[in-house]
Every structure is written in structure tokens, then in C-alpha cells.
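Before any comments, here is the structure.
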Amino acid sequence: MLDIKLIRENPEAAQKGIALKGSNIDIGEIIGIDTSRRANLTRADEIKKERNDLSREIGRRLKANQDAAGLMERVRVIGEEIKSLDSRISAAETALHERLLMLPNLPHESVPHGRDESDNVVIAERGTKPAFDFEPKPHWEIAERLGIIDFTRGTKLTGSNFMVYAGAGARLQRALINFMLDMHTSQHGFREIYPPFLVNRETLTGTGQLPKFEDDAYRIESDDLFLIPTAEVPVTNLHRGEIIPGQELPIYYAAFTPCFRREAGSYGKENRGITRIHQFDKVEMVKIVRPEDSYAELETLRSAAEDVLRALELHYRVVEICAGDLGFSNAKQYDLEVWAPGMGRYLEVSSCSNTEDFQARRAGIRFRRTPASKPEFAHTLNGSGLALPRTMIAVLETCQQADGTVRIPGALRTIFGRDIL
RNA sequence: GGUGGGAUGGCCGAGCGGUUUAAGGCAGCGGUCUUGAAAACCGCCAGGGCGCAAGUCCCUCGCAGGUUCGAAUCCUGCUCCCACCGCCA
């Protein structure tokens, strides 16, 4: 959520910023609502003071057995005006809040301008692109031959774009999860979290999925709960409504969870195999930091995610996301895209973002620099470390051999227990 | 799911329709004293809003309504917590 004061003081910049993000919400209307809200508020405050004063005087007179009928009548009249002003104020507050919740975060000044993903900027390519002396196969063919992914039965159990890992496939997935979590907790200083996979509306609003993106989430109607689309949601909200003592920052959390996304209207051959499925696993990193540190923290967050790809010896590139393609809550975002040689394309396996105080404001995540300081909004960041299915794709396709078997990357061999799949 | 009890500032806790304009204590912060510390004493110490600012200003006693001239206090609904019962991996 953007700060209404910031919008008030610099409406042109706010309008320009949200336009860069591709939103055309009218800032002028928001300012209009805010202006009349404050006018009513000032008036209401004045007459509330009068009511408070008079009520006190009534009490005094009644105690002294003096007449207070005139004062009571006056207070009654004031009470009616207060009631009407209060209802106008609360209507304005509701309208204002609704609109503010729909406004995207502003892009950081360093973010390249651009409309959509075609304007994103590749800023680095890392690792060696694997060479093959045979035609590399896509992962669905490799997996089918090895019997490690069962698409047909996934569809039978649930529906299209659900799948089943079986045997060594399930084991490889588990090895990857452990490998990633172990790396982040033991080498990068993250504290492991195991959150609920179902969350309520407030939680989803705190990180920015609601109200705008309700249709993207699976909802449990009987209890009005939602399946999490990413661990970022429950983990960032861990400190919702809290004031964190400054010495506890920065906070680093890492969590493994399944993620559930309806992905309405995104089927097609681009998404064959397990590139886009409704339920997938992910290890996620979340940071809560001091505002002045958040951009440096974004770099180390990205580097922590890159460490996983490096350790798995996969070729990938780093993409800086342009303003128009930035996520709703993000001020700056890097994506890591891993090379899938069988598919012949790069796949997004991680998205590392600084939301600055956008989520902190929605969720009320504050901190105190010293025990005597006023609370300030913290900055929150999140990054995948990494998304499992696409990591699995990259491993299968990169490490495939001419005979159809798959060589397990060195870093995984101990945890997986075998060299060859 | 059922029955009962509860929800006041970081924590404990008073309050039971009008000098509560939320007492008091603990913790915390600053200071006096001290070689240093402890003790003692003094001061500060919830969050938010409005405002350039000052502010004997406004709001918030779980949340939302209501009664009243006036609500932390009375009424209604809801949420959450605790205990017991039921069910259950």
C-alpha cells in the first residue's frame, strides 16, 4: 500500500509511477476523497471536543444538584451532527482504503522502463550451457521413460495440470528440497519456518494478493480460507501487526511449502510437462530489514538463490524486470531463469523482489530503532530459492545421457543416495 | 460441534454510567548518587489521526452495532483465547 501522505504531497510522481507499472487508476479521485475526508474529520474533532467538555460540565452540575437540561439538549444536537459526520468519514475511509489497496507499488528509480517481459533486461549469464552429442529430450519424455512422473494419474485424481511424482522422481524432489533448505539455513543464515498452507483474507491482503488477485487463488468456501500461492504469504505475515525491536533485524526466514495457483487461462504448448502446474513445491526466502538496507539485502538474497543453481551446476541467466512487468507489490525484481536444453528455453525458477514498505504498510510490520524510538515500517523482501518443478526440469534435461538415464549432480549425490537416475 | 470462563497499554492489574482527563505495580529508557555496579530517589514510558506548528485537540479498553445528554462500564451480534466434553491423525 502506498502512503496517502506521499500521494498527497507528490501526486504527479505517484501517477507517473503507477502508470509505469501499467495501472491507470486516477490519483486525482483518491486525493479528492482524502481531502473531503480530512475536512469532515477536522470538523468532527472540533465538535467532539465540545461534546466532551459539555458532558463533563453536565456531570458536575448534576452532582451539585444544578439544572443541566439546556446543556443536555445542546449535546444531543451535537451528537446528531457527529453521527452524520462520522458516517461520512467512515464511508470516505472505506472508499479510500479500497482504492489504495488496488494501487500497485511504485518502481524503484533504478528499474528499467518497459511495457512487458520483452523489455526485461538480461544482466548476466552464468554457468556453462551444456553441450550434447545427441538431441536432448524434453523432461516429459525423459520422465516417462524413467517412470518418475505420472501425468495421466495426476489428471485422474484431480484434473488437468496436476501430476504425480513416483519412485525416484519423488525421491529426487525430496532431495532437492532438503538440499536447498540445508543450504539456506546453514550457509545463508535463514531460519527455517514451516507455516500453514491455508491462510485467511487478512494474510493474503497483507502481502498484496487480495483484493486484486482473488481469482488466482484456490479458496475453501466453507471457511473462507485460501490455499497459499507461495510461502511468501504466510511467512511475511508472521510479523503482521507487530512492532519488532530493532536489534532483531534483519530477520531471515526460509520455508518449504507447496504452492497452489489456479493459473486461469494459461494453458498451451508453452507450458507442457511440469513447467506450469497448479500445485508445485518451492523453497522460499523472506527478509524483514531496515529500510536503508533493503537494496543491499536484495543483492544478497539473489545471490543466495543463485548459489543453489551454481551448486547444481546449471546454466542460468539473471533478468532485471522492467517496470511494466514488475509484480504488483514489487519496487524492484530480479528473475533467475534456468536453461532447459530439452525444451530449448529458459525457465523462471526464482523471483527475488524488494517490496520496500509496500507489504509492511498493508500488514503493519513495523520496528523500533531503539527502545525509545517511534515505530517505523520495515522493508520486506522475498525470493524463491528455488521453485522445484523447473529446477527438476533443468536437472533432468541438463544431466540426461544418450542412453536415457540421468546423471545426478554431484551436490545431490549424498542426499539422494545414488549417482544415476 | 457442545458447555462454562475470559479479553483493559510490552507484562500484571484496578475500574462496574459523569473529577478515569485509564489508578497502581513490573519491565524498559534517561538522570541523581557511586571508583563502577546494586539499592534508593527523580523524570520519561501505548498506538493512530489532524496540523507548518503548538496542541487543557480527536480516536482506540478484542471487533461491529445499539441504548444514553454522556459508555472501558449497560444491551445485541461476532471473533479470538482458556478449561472440560465430543470427534480425530
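Just so we're on the same page: letters track the sequence lines, and every chain starts at 1.
Here, C59(B) and C50(B) have their C1' atoms 11 Å apart, quoted to the whole Å. If you take atom C1' in A71(B) and the same atom in A64(B), they sit 15 Å apart, rounded to whole Å. Nucleotides A46(B) and G36(B), compared at atom P, are 31 Å apart to the nearest Å. One P atom belongs to A72(B), the other to U60(B), and the distance between them is 7 Å to the nearest Å. The P atoms of G48(B) and G9(B) are separated by 16 Å, rounded to the nearest whole Å. Only the P atoms considered, G86(B) is 15 Å distant from U3(B), to the nearest whole Å. Between G49(B) and G10(B), the two C1' atoms lie 23 Å apart (nearest whole Å). For the C1' atoms, the distance from G17(B) to G66(B) is 16 Å, rounded to whole Å.
Side-chain N/O atoms of Y253(A) and E192(A) include no donor and acceptor closer than 3.5 Å. Between the side chains of H188(A) and D307(A), a donor-acceptor pair is found at a separation under 3.5 Å.
Put simply, the side chain of K21(A) gets close to the backbone of N330(A): a donor and an acceptor are under 3.5 Å apart.
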Which pairs would a plain distance check flag for residues 414-421 of chain A, meaning a side-chain donor or acceptor within less than 3.5 Å of a matching protein atom at least two apart in sequence or in another chain?
residue : atom : partner : partner atom : Å
R418(A) : NE   : I420(A) : O            : 3.3
R418(A) : NH2  : I420(A) : O            : 3.1

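In RNA chain B, the stems built from three or more successive Watson-Crick or G-U pairs (distances below 3.5 Å) are B:1-7 with B:79-85, B:10-12 with B:24-26, B:28-32 with B:40-44, B:46-49 with B:57-60, B:62-66 with B:74-78.
Between F213(A) and F328(A), the gap from one ring centroid to the other is short of 6.0 Å. For F162(A) and F151(A), the ring centers sit 6.0 Å or farther from each other. Aromatic ring centres of F367(A) and H379(A): separated by at least 6.0 Å.
Both R37(A) and I243(A) lie close to RNA chain B; mapped to their nearest nucleotides by heavy-atom distance, the more 5′-ward contact belongs to I243(A). Mapping G79(A) and K5(A) onto RNA chain B by nearest heavy atom places K5(A) closer to the 5' end of the strand.
Residue contacts for R43(A): at a heavy-atom cut-off of 4.0 Å it reaches no nucleic acid atom on any strand shown. I58(A) comes within 4.0 angstrom of a base, heavy atoms only. R361(A) comes within 4.0 angstrom of no nucleic acid atom, judged by non-hydrogen atoms across all strands. The residue L62(A) sits close to a base: some heavy atom pair falls under 4.0 Å.
Shortest non-hydrogen contact noted between L388(A) and Q173(A) is CB-OE1, 3.6 Å.
When RNA chain B is scanned 5' to 3' for any atom under 4.0 Å from a heavy atom of chain A, the first and last hits are G18(B) to G70(B).
Expressed to the nearest 0.5 Å, how far CZ of R88(A) lies from OG of S36(A) amounts to 9.0 Å.
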